[in-house]
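Quick caveat, the model's predicted, so the values are computed rather than measured. Chain identifiers are assigned alphabetically (A, B, ...) following the order of the sequence lines, protein sequences preceding nucleic acid strands; residue numbering begins at 1 within each chain.
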Amino acid sequence: MFNKWTFEGGIHIPYNKRLTQSLPIENYPLPQKIVVPVLMHIGAPAKVVVKVGDNVSKGQCVAEADGFVSSPAFSSISGIVSSIGMFKHISGKLVTGVEITADGRNDELRFEPIKNWREQSPSILMRRIGDCGIVGMGGAGFPTQVKLLPHRDKKVNALIINAAECEPYLTTDHRLMLEETDKILKGVKILQKILSVRYVFISIEKNKTDAIYVMKKKATTKEYYGIKIIPLETKYPQGGEKQLISTVLNREVPSGKLPIDAACVVLNVASAAAVCDAVLEGIPLTERVITVTGNAVKRPGNYIVPIGTYVKEILEYCRTDFSKIKKVIAGGPMMGKSLPDICVPVMKQTSGLLVLDTITPSYSKNNCINCGNCVKACSIHLVPSLLAKYFEKDMYEEALKRNVMDCMECGCCSYVCPAKINILHRIRTCKSYITQKRAKESLTQVK
Amino acid sequence: MENENLLHISFSPHIRGTQTITKIMLDVIIALIPALIASVLIFGLRALLMTLAAVAAAVTTEHIISVFLLKKKTTVGDLSAVVTGMLLAFNLPVAINPAMTILGAVFAIAIVKCAFGGLGFNFMNPALAGRAFLLASYPMAMTGSIFARSGYLGKLPENLSGINIDAISGASAIDGISTATPLVAIKIIQAVKTIELTDLQDSFYSLFIGNIGGTIGETSVLALLLGGIYLIYRGIINPVVPALYIGGVFLLYLIFGQTDVSFFSGTAFTVAMFQILSGGLFLGAFFMATDMTTTPITAKGQAIFAAGCAIITFIIREFGGYPEGCSYSILLMNLFTPLIDKCVKPRVYGTGRKR
């Protein structure tokens, strides 16, 4: 089998990682005030378990997981619960949050470390991962323990650790691999045991040569037997789950299904490091590495930031020229969200803050010239321009037939479009119309 | 906080590529420049003036229609009208009346492009449609071009020119065509069975360089090839299309071109070479069959399009009364484009055979 360690489609974009890729991870000073939102994951919001006026320590649970796909939230500083209410969230919505004011005591709560994890059953390890509130830290925020759960009739025979970091500007995973190699590899071993898979593939894009070198050197030792480092072509969206599975395993996730249907699990590399902390140290997920970068930031870098810190404070700390800010993006520029307000707390899945001093050129009213660039760029092999045209004409059935729901919203089509048509936005709206319609139909059926 | 109201919100992706329609058109114009230079060297300054006239007419027409008729912002800035004008001029004989050139450009832009909604909505290549329109309206002027000896390179290959002029004078009754383009010449020569293989072989060099008769832009294979390679290098066109088109015509002539000699013989090879080097095949294959708007959007569809062009070109050249099948083959396949797009779908990730 001839494998070039890449997939069909995708685009080459200026990565702009030089700003921060050589800057070591720095500790961010303890913030005076944080807000812990109850919704920092995909699934049901967590349930607040503290009252206003309560003393909380760092690592203390302030909101419990509520439901099957849910994740608890922890205080990342020690302090007093000063208010519980609706706070602005990165998504722009108002979400219940717990505001904690620091008291300077610096006491910390931890779980009992599971030092003999090799002898423990997968369910105990999995419970610990769930208890520590670990979610996919690449951006989606899917609770990790749910991904690890054994599925009936579905075998898992491979684990892929996603360290591609294909989004431009972001360097958190890159730095983490250089500085916390052991932590990552230990976390990977724990995950390997839980899933009882023979091989684990850590996939890293080739532009991170130093990380590949360091990881390879460590992974070849006896202790980490069974871990393979896969250098991937530098290409966006190489870090997409579906792209990774086809690149590394030469398998495809069936349309409308999950990676588990291709007999594999994909987890982010930062999540693997968090798993190591959770199991071996008993530390819940209270802080994470964030890349703060962009042309308006005077001190860009990679920072360990307590979850719940206000974006505004972080930007101030990084000496951002506030008069220059035009746009702040949580995450990378391709799939991240632009923030309507910077008075929002950072979350578990916030991998970066990108501050731009220019605005994206607006979308023109050009006609589609049928150039086919979007077709070439689409890594799912859709015909994006056609789907956008279907949306404009309200032809949702046709769009469904052409697999509109398989779009992973990577944005390649909009990026390459010479007519500057916002193809992705049209497809996204089309998808949400279809989802709404389906929900309505299923409701009427119930009635 | 005073800044929060100023934050710009938009949907992802937040960065955009640098490619624009204008840049694509500019690349096509750059790719056409070698052919333009070749045409001036071969046919003289008149070729340049003709091209300028066609471009001016095309741009003016588009401007007038979009500003005065449709009351919109002018769209001439995207340079697509310039490309249409250039390609139309390249498809016309040098001796044609300038008024006809202008009429062709106006028809191409006004009827074929703007009437259907402008750039991106035309269902067939405007330049080729303009040529077809002129061919139908003024068949004599369109095919009656004599090779202009005023050009700087202008020297007819002795062997072909000698036969040509005799053949034309002797056979002017056939189809009423009197022209000196190589394809017509060979058709007449074949009719009177005076073909000499060595004559054909000797003409290859001239055909490649382009100092032969024909329309302004089609004669120099070398110049067109340079432009085509530039477009492939810039990623504007799919190299499969010209390869399949030219290769297809070559192969068809190799196999079916000479029924009285054995397949893949030297004769068949010579005839096939002559066929691909002459006529507007390279111009069509690199610049017209790759037109984005009027060809299928998927790579597979484009391959089918190119193969279809090759087959139709062969049929017209071999069995039709008209010597040049290139433009009609592309126009015909343009009409099939929506059908090809409907039938040829890329295999979506996670569906179909592979698991």
Side-chain angles (χ1 to χ4, degrees), chain A residues 11 13 168 242 246 251-257 262 312 322-323 325-329 333-343 354 356 359-361 366-373 375-376 379-383 385-386 402-403 406 409 411 414-420 422 424-425 428, chain B residues 1-25 72-73 75 78 80 116-122 235-238 290-302 337-338 341-342 344-355:
Chain A
I11 52 174
I13 35 181
K242 289 180 172 180
S246 75
R251 293 180 203 161
E252 283 187 7
V253 182
S255 168
K257 297 281 179 66
K312 182 173 178 266
F322 279 83
S323 60
I325 300 182
K326 284 273 163 49
K327 201 174 192 179
V328 180
I329 298 161
M334 289 304 285
M335 288 183 88
K337 270 199 151 82
S338 67
L339 299 182
D341 189 339
I342 51 175
C343 279
L354 172 57
L356 296 177
I359 52 171
T360 323
N366 281 327
N367 300 332
C368 169
I369 57 163
N370 214 32
C371 65
N373 284 355
V375 181
K376 264 184 263 168
S379 55
I380 305 290
H381 316 315
L382 302 167
V383 185
S385 63
L386 187 70
R402 296 299 290 258
N403 297 68
D406 281 323
E409 306 185 9
S414 290
Y415 183 88
V416 296
C417 182
K420 306 289 170 211
N422 198 346
L424 170 60
H425 182 54
R428 198 158 30 201
Chain B
M1 216 172 35
E2 67 281 4
N3 275 305
E4 60 188 62
N5 297 329
L6 297 173
L7 285 186
H8 187 85
I9 316 162
S10 68
F11 297 102
S12 66
H14 303 286
I15 47 174
R16 310 295 307 267
T18 51
Q19 185 69 285
T20 61
I21 294 176
T22 311
K23 278 187 187 169
I24 292 176
M25 294 301 166
K72 280 185 190 165
K73 241 172 81 183
T75 49
D78 62 23
S80 61
F116 285 90
L119 180 66
F121 286 112
N122 46 310
I236 307 288
I237 64 170
N238 175 4
T290 54
D291 173 34
M292 290 167 171
T293 304
T294 55
T295 60
I297 195 162
T298 57
K300 225 191 280 173
Q302 286 166 3
T337 295
D341 264 340
K342 203 165 183 174
V344 179
K345 303 169 188 172
R347 186 183 66 85
V348 175
Y349 180 102
T351 61
R353 31 175 223 283
K354 195 173 164 186
R355 270 288 177 274

Turns out that what part of A:Cys371 lies under 4.5 Å from chain B's heavy atoms comes down to both
Bottom line for A:Met334: the part with an atom under 4.5 Å from chain B's heavy atoms is both
Honestly, the part of A:Val375 sitting under 4.5 Å from a heavy atom of chain B is side chain
Inset, instruction - Assess whether side chain to side chain contact (heavy atoms under 4.5 Å, CB included) is satisfied between A:Ser385 and B:Ile297, documenting all intermediate values. - result: CA-CA 9 Å; A:Ser385 63; B:Ile297 195 162; 3.2 Å; yes
**Study point:** A:Lys242 backbone acceptor or donor facing B:Tyr349 side chain under 3.5 Å
**Key:** yes
**Prompt:** So do the side chains of A:Arg402 and B:Pro346 get within less than 4.5 Å of each other, counting heavy atoms only?
**Reply:** yes
The interface call for A:Ala419 against chain B, heavy-atom contacts under 4.5 Å, is both
Applying a strict 4.5 Å limit to non-hydrogen atoms, the region of A:Lys257 in contact with chain B is neither
Under 4.5 Å to a heavy atom of chain B? For A:Leu424 that would be side chain
Heavy-atom nearest pair, A:His381 first then B:Arg347, reads CB-O, 3.3 Å
task = Report the C-alpha distance between A:Arg428 and B:Ser12 in whole Å, list the side-chain angles of each, state the deciding distance to 0.1 Å, and finish with yes or no for side chain to side chain contact (heavy atoms under 4.5 Å, CB included).
result = CA-CA 10 Å; A:Arg428 198 158 30 201; B:Ser12 66; 3.1 Å; yes
Okay, B:Thr295 and chain A: the region with an atom under 4.5 Å from a heavy atom over there is backbone
When the 4.5 angstrom heavy-atom criterion is applied to B:Asp291 and chain A, the contacting part is neither
Applying a strict 4.5 Å limit to non-hydrogen atoms, the region of B:Thr18 in contact with chain A is backbone
task = Check for a donor-acceptor pair, side chain of A:Lys420 on one end and backbone N or O of B:Gln19 on the other, with a separation under 3.5 Å.
result = yes
Partner of B:Asp341 under side-chain contact (heavy atoms from CB on, under 4.5 Å), picked from A:Val383, A:Leu386, A:Asn370, is A:Asn370
